[in-house]
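The structure appears right after this line, and notes come after that.
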Amino acid sequence: MIRNNSTSHMMTRRRLIGSAGASSLALVSSPSWARTMVDLHLPGGPSARALTTAFPQKAEMILQRTRPPLLETPWSVFDKSLFTPNDQFYVRWHWAMIPLSIDVETFRLKVHGTVARTLSLSLRDILQMPRVELAAVNQCSGNSRGFFAPRVQGGEWENGAMGNALWTGVRLKDVLDRAGVTPNAVQVRFHGLEEPVIEGGPRFMKSLAIDHARDGDVMIAYAVNGAPLPLLNGFPLRLVVPGWYATYWVKMLSDIEVLDEPDANYWTKQAYLIPDTQHADMQPGQKGVPMIPINRMVPRSFITNLSSGTRLRVGEHRALRGIAFGGDCGVAAVDLSTDGGKSWHAARLGRDEGPYSFRHWQTEFTPLEPGKYVLMVRCTNRNGAAQPVIANWNPGGFMRNVIESTDVSAD
Ligand SMILES: Nc1nc2c(c(=O)[nH]1)N[C@H]1C(S)=C(S)[C@@H](COP(=O)(O)O)O[C@H]1N2
Ligand SMILES: [Mo]
């Protein structure tokens with residue numbers, strides 16, 4: 001019975017998709033039937049998800065989970081400014097035992113392991129070091145996981161588990177140099193002040209290769225958009241790893257350990273693994289796929305001032321605008337299609353805020369005939385990487401990427 005239902009549902013979808021112009025291309029080249037039968041709307045729809053203002057230093061957020069807090073940035077925020085306001089910057093924690101206040105006088109950042117000198121740095125010590133500033137996107141590895149088809153476990157985010165901000169702090173390199181890293185160092189491991197809720201639960205820790213940690217870009221931030229970090233975004237210190245997924249951006253950073261062998265802790269070795277394939281893509285149920293730790297981000301782009309279902313008037317000039325980011329390098333181009341991917345034209349790019357920042361784009365659209373239009377936006381980064389036509393899939397729901405489509409009509 002159920003099988004019959006899903007089969008006929010699948011066939012209906014196939015027929016629908018088959019008549020939808022460029023989308024049929026995606027169907028033909030899609031290696032997995034499973035991807036074509038799934039409705040991409042989250043249960044209840046995003047408009048039905050609860051909003052909350054109950055969290056400290058946070059304005060209205062989408063409530064994903066209360067404990068530990070998972071708060072998503074409402075989509076409308078991304079149309080308002082290139083930099084995501086601190087009080088609507090998304091929040092994600094793995095364990096719920098998060099200190100609710102920090103004593104700025106007694107707080108210490110410890111640096112130890114294979115170093116010449118163990119350090120115990122106060123916030124005053126950190127503030128006296130050379131200051132650096134950088135615009136960078138912080139994006140959860142699982143951003144947009146709610147769109148994975150077939151569905152996967154984890155935080156069912158829409159696209160709002162990301163934010164762009166101006167980060168201020170000190171170079172991790174400068175802190176490591178002060179401790180004097182010894183030549184046998186291979187990785188640097190970071191953890192924060194929160195604790196597991198269950199005894200013996202693995203404390204959240206992430207590691208970077210020693211050369212990455214010392215590249216001069218990785219930073220220990222104490223301010224975001226010109227203000228101290230909100231508590232839930234890591235007050236008083238957090239790691240900023242430009243171009244890499246946010247899982248590495250350890251919050252409430254209190255401990256830096258230089259390791260002389262590869263980190264074998266759960267969060268580095270077993271969690272946050274992606275298929276070592278193009279677009280981190282694999283088939284549901286596929287066996288023997290080599291897995292590697294998630295790492296650099298990939299280009300993405302979105303329309304922010306128009307949503308699916310919008311009805312336009314024939315002949316109406318509509319400004320289209322949105323955001324793009326290159327992932328681990330700057331944006332080279334943003335292209336728009338108003339005919340479901342058959343033809344593309346370049347959008348105008350806004351101010352360049354640096355290689356790791358969101359970048360605005362804009363263009364116009366005038367529907368000349370009544371009917372349906374599929375608007376698509378595609379970012380190509382400065383390394384030549386572009387967004388794929390078909391969404392990737394992997395069991396962790398990581399690194400979601402696809403050319404986004406917005407269905408509108410004109411009459
Ligand atoms: N201490 C600590 N840092 C952490 C985490 C955590 O659970 N604990 N989660 C990581 C993950 S998976 C994400 S997506 C980002 C979220 O950063 P934000 O809450 O500031 O948006 O924090 C990262 N840093
Ligand atoms: Mo994350």
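Indexing begins at 1, ligand by ligand and atom by atom, following the structure's order.
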Heavy atom of [X] under 4.0 Å from ligand 1?
| X | result |
| --- | --- |
| Y272 | yes |
| H191 | no |
| M252 | no |

Checklist entry - Which is it for R238 and ligand 1 at heavy atoms under 4.0 Å: side chain, backbone, both or neither? => result side chain
Item to check | Proximity to ligand 1 by part of Y90, non-hydrogen separation under 4.0 Å | outcome: both
For [X], atoms of ligand 1 separated by under 4.0 Å from a heavy atom:
| X | result |
| --- | --- |
| N138 | 17 (O) |
| C140 | 14 (S) |
| V91 | 19 (O) |
| N233 | 18 (P), 19 (O), 20 (O), 21 (O) |

Checklist entry - If we only count heavy atoms from C-beta on, is the W249 to Q139 side-chain gap below 4.5 Å? => result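 Contact flag for W249/Q139 side chains = no.
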Checklist entry - Can you find a heavy atom in the side chain of V331 that is under 4.5 Å from one in the side chain of L349? => result yes
Checklist entry - Hey, is ligand 1 close enough to E194 that some N/O pair sits below 3.5 Å? => result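 It does: an N or O of E194 is found under 3.5 Å from an N or O of ligand 1.
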Checklist entry - If you measure every N/O of R92 against every N/O of ligand 1, is any gap under 3.5 Å? => result yes
Closest non-hydrogen protein atom to [atom], residue and atom name please, with distance?
| atom | value |
| --- | --- |
| atom 5 (C) of ligand 1 | F204 CE2, 3.5 Å |
| atom 24 (N) of ligand 1 | W249 O, 3.0 Å |
| atom 3 (N) of ligand 1 | K251 N, 2.8 Å |

Checklist entry - Picking from R108, H112, K110, what satisfies side chain to side chain donor-acceptor pair (under 3.5 Å) with D255? => result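 Single side chain to side chain donor-acceptor pair (under 3.5 Å) partner of D255 among R108, H112, K110: H112.
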Charged N to carboxylate O under 4.0 angstrom, [X] versus [Y]?
| X | Y | result |
| --- | --- | --- |
| D352 | R382 | yes |
| D177 | K173 | yes |
| E364 | R318 | no |

Item to check | Q57 and its side-chain contact (heavy atoms from CB on, under 4.5 Å) partner, picked from L232, V91, L231 | outcome: L231
Checklist entry - Given A246, A96, A165, which has its nearest heavy atom closest to atom 10 (C) of ligand 1? => result A246
Checklist entry - For the residue pair A213 and V218, what are the closest heavy atoms and their distance? => result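 Distance-wise, the nearest heavy atoms are O-CB, 4.3 Å.
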Item to check | Axial cation check for F190 ring with K206, 6.0 Å and 45° limits | outcome: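 Relative to the ring axis of F190, which defines the angle, K206 lies outside at least one limit.
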Checklist entry - Between R378 and W344, is NZ or CZ placed under 6.0 angstrom from the six-membered ring centre and within 45° of the ring axis? => result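 Pair R378/W344 counts as cation-pi.
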